[in-house]
There are 2 protein chains.
Amino acid sequence: MDPHLLRTFIAVATTGSFSAAAAELGYTQSAVSQHIAALENSLGTALLTRRPVAPTPAGERLLEHAGAILLRIEAARADVRRVVGEPPGEIVFAATPLAGATRVARALTQLRQTRPGIAVTFEVARRDEVARGVASGAYHLGLVDGIAAPSDPLKLPDVGAVRTSAVAQDKLVVVLPDDHPLARRKRLGLPALVDARWIDAPDVAAPLPDLRAATETDGIRAALTYSGTDILCLLALVAAGHGLAVLPASLDLPADVAAVPVHAPRLVHRTELLYGHLDEPQATDLVAALTAPAIRRTN
Amino acid sequence: MDPHLLRTFIAVATTGSFSAAAAELGYTQSAVSQHIAALENSLGTALLTRRPVAPTPAGERLLEHAGAILLRIEAARADVRRVVGEPPGEIVFAATPLAGATRVARALTQLRQTRPGIAVTFEVARRDEVARGVASGAYHLGLVDGIAAPSDPLKLPDVGAVRTSAVAQDKLVVVLPDDHPLARRKRLGLPALVDARWIDAPDVAAPLPDLRAATETDGIRAALTYSGTDILCLLALVAAGHGLAVLPASLDLPADVAAVPVHAPRLVHRTELLYGHLDEPQATDLVAALTAPAIRRTN
DNA sequence: AATGCTTACGAACAGCGTAATGATG
DNA sequence: CATCATTACGCTGTTCGTAAGCATT
């Protein structure tokens, strides 16, 4: 279970080819073959079928762990370096698309005020990319959002050394076309919507599995899957009648879609700050800045 | 960050001695020295002071990660073996002291019914020992308890491949001496008890840090710490007036202590089944057996 | 001086590449 | 027969133990 072996195992499993993995890792075919043989030998079981190259059941299982293990090691290294090394010359801040533009802006303001000389980079990424990046030190700060029960923490991938603070909890809305029969309702329960047409846009709206878990049904089915991260694009899809989506209530919406509050007992949109690599006082200042009451527009 | 190096680092840091670590691991002093040197070299920083041998700040940080990394690797290995190997000839079941005797008994009944020929071992351990053991395959099943907000999962040590199911949520009681001024109250709020004398018995009662987190104060201070796992002993300490403790309401109590329900808004005693190494249908059967309505004694 | 970590050095081993071999479509 | 994984083999670098060195109590 040498990390090197795990790394090449991941490469082989994802590329589906020993030679491609070798090229990717800068090894030779032969070395990759030896790595896999060593790993299979040490675990006493075949991990990959050859021709075609694909993980066996045992390999599937290992694959679930391998990435997490490497990430954990990387996180440890980053954490140690943080204690030792001088403070970074640049701060990289990552957020998920729905983390909230105003909050992001405020975080950036706070960062640039407290560290005048330091360059700040901002980046949008998917939720687990942010989590992994913060854990491994690629990002210094992350803002992630997701669906959870009130005051529950978000379910982040097993990532280790990342500290989190809740930053906001918003209500949820169902977004539907403006001319949808339900668009004028004051509120909607999710059970009533189980049989609706849904757009599954896990990177930009509430992921359907989360909704399924919350409603404890498995009737919520995706009519269309959108894997991009562009909210406007998703809203256009909704407006065009391709399906519904659940979004945080805090968004500004265009006129051709309607938003109806979701009346789900234990379901909120939650935003969390991830700050594995920032010292505690700075982090609390930042959380304070982010949780400060917003200047709300009346509309 | 070779796992072997991490392992010897842990051994050195915990024993406080290179030679003792060498003896523990079956290496020679010299090898241990080289391991540590290699690790420090690869991280570019000193991890241990010599004479006396103690972790530096960077070492402390690494130490927090090292165990988790090794555990994660062990969990992966155990998980793969589970897919491959034949079913174990013996089932080892571990539970925390407060997981509930009746529930434990029921779990054992269920296990022995579904697998008539198989020996079952039962063991009591601390919460993170159970979690680690289940993750690494040392235990096949675990039942752990703890304090949490309703329907929140328990905060278990970062353990990776363990699946959990909630099995029960009990109310909490404050246990006090029978002649305590508050003993006749119908219920008590934790804030009112902030300045009381508490017994910190993290392995057998609600750990004070959990209560502090729940009350959002830091006034709950331990007058006495009890690190054993014997409930009767703890109750005797309470009866003798050494302090209060918070326990699940489902316990049977002796006559010389009184139990007053805790009126804390979002605080319950929760029991979870950990079943990393049991297949899904068996696990759900077991959860069903455990969550079935109890035969309640009226008293 | 004794204890205990470090360094030097040689032997055993493991890891990688080249190249030959084997299997599969 | 072409592609791609495996095996054979030699080289290199790493790891461990023995033994000598060195620092601290």
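Keep in mind that what you see is a predicted model, and the values were worked out from it rather than measured. Letters A, B, ... are given to chains in the order of the sequence lines, protein chains preceding strands, and every chain is numbered from 1.
One can place CZ of Arg51(B) at 5 Å from C1' of dG4(C), the figure rounded to the nearest angstrom. Protein atom CG of Leu48(B) is 11 Å distant from nucleotide atom P of dC5(C), rounded to whole Å. Regarding Leu25(B), its CG atom lies at a distance of 15 Å from the C1' atom of dG17(D), rounded to whole Å. Atoms CZ (Phe18(A)) and P (dT7(D)) sit 10 Å apart, rounded to a whole Å. Summarising the geometry, the separation between CG on Asn41(A) and P on dT7(D) is reported as 11 Å, rounded to the nearest angstrom. Note: CG (Asp2(A)) to C1' (dT14(D)) measures 13 Å, nearest angstrom.
Note: His140(B) NE2 to Glu90(B) CD = 7.5 Å, rounded to the nearest 0.5 Å.
For the pair His4(A) and Pro52(A), both in contact range of DNA chain C, the more 5′-proximal nearest nucleotide belongs to His4(A).
If you check residues 28-38 of chain B against DNA chain D, the residues with a heavy atom closer than 4.0 Å are Thr28(B), Ser30(B), Ala31(B), Gln34(B), His35(B), listed by number.
In this structure Tyr226(A) satisfies the ring-ring contact (aromatic ring centres under 6.0 Å, His included) test with no other residue, sequence neighbours excluded.
Considering Arg132(A), Arg126(A), Arg127(A) in turn, Arg126(A) is the only one that fulfils the salt bridge (charged side-chain N to carboxylate O under 4.0 Å, His left out) rule with Glu129(A). The side-chain contact (heavy atoms from CB on, under 4.5 Å) test with Thr96(A) is passed by exactly one of Asp128(A), Val144(A), Leu143(A): Val144(A).
Neither OP1 nor OP2 of dG17(C) sits under 4.0 Å from any side-chain N or O of Tyr27(A).
Ring-plane geometry between Tyr27(A) and His35(A) is classed as perpendicular, the angle between the planes exceeding 60 degrees on a 0 to 90 degree scale with a lower cut at 30.
When all heavy atoms of Gly142(A) and Val130(A) are compared, the closest pair comes out as CA-CG1, 3.7 Å. Taking all atoms of both residues into account, the shortest heavy-atom contact from Arg82(A) to Arg163(A) is NH2-NH2, 4.0 Å. Nearest heavy atom pair, residue Thr56(A) against residue Ala46(A), reads OG1-O, 2.9 Å.
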Atom pairs under 3.5 Å: protein N/O with N/O of nucleotides 10-14 of chain C:
none

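In the model, Ser30(B) has no side-chain atom that pairs as donor or acceptor with a side-chain atom of Thr28(B) under 3.5 Å.
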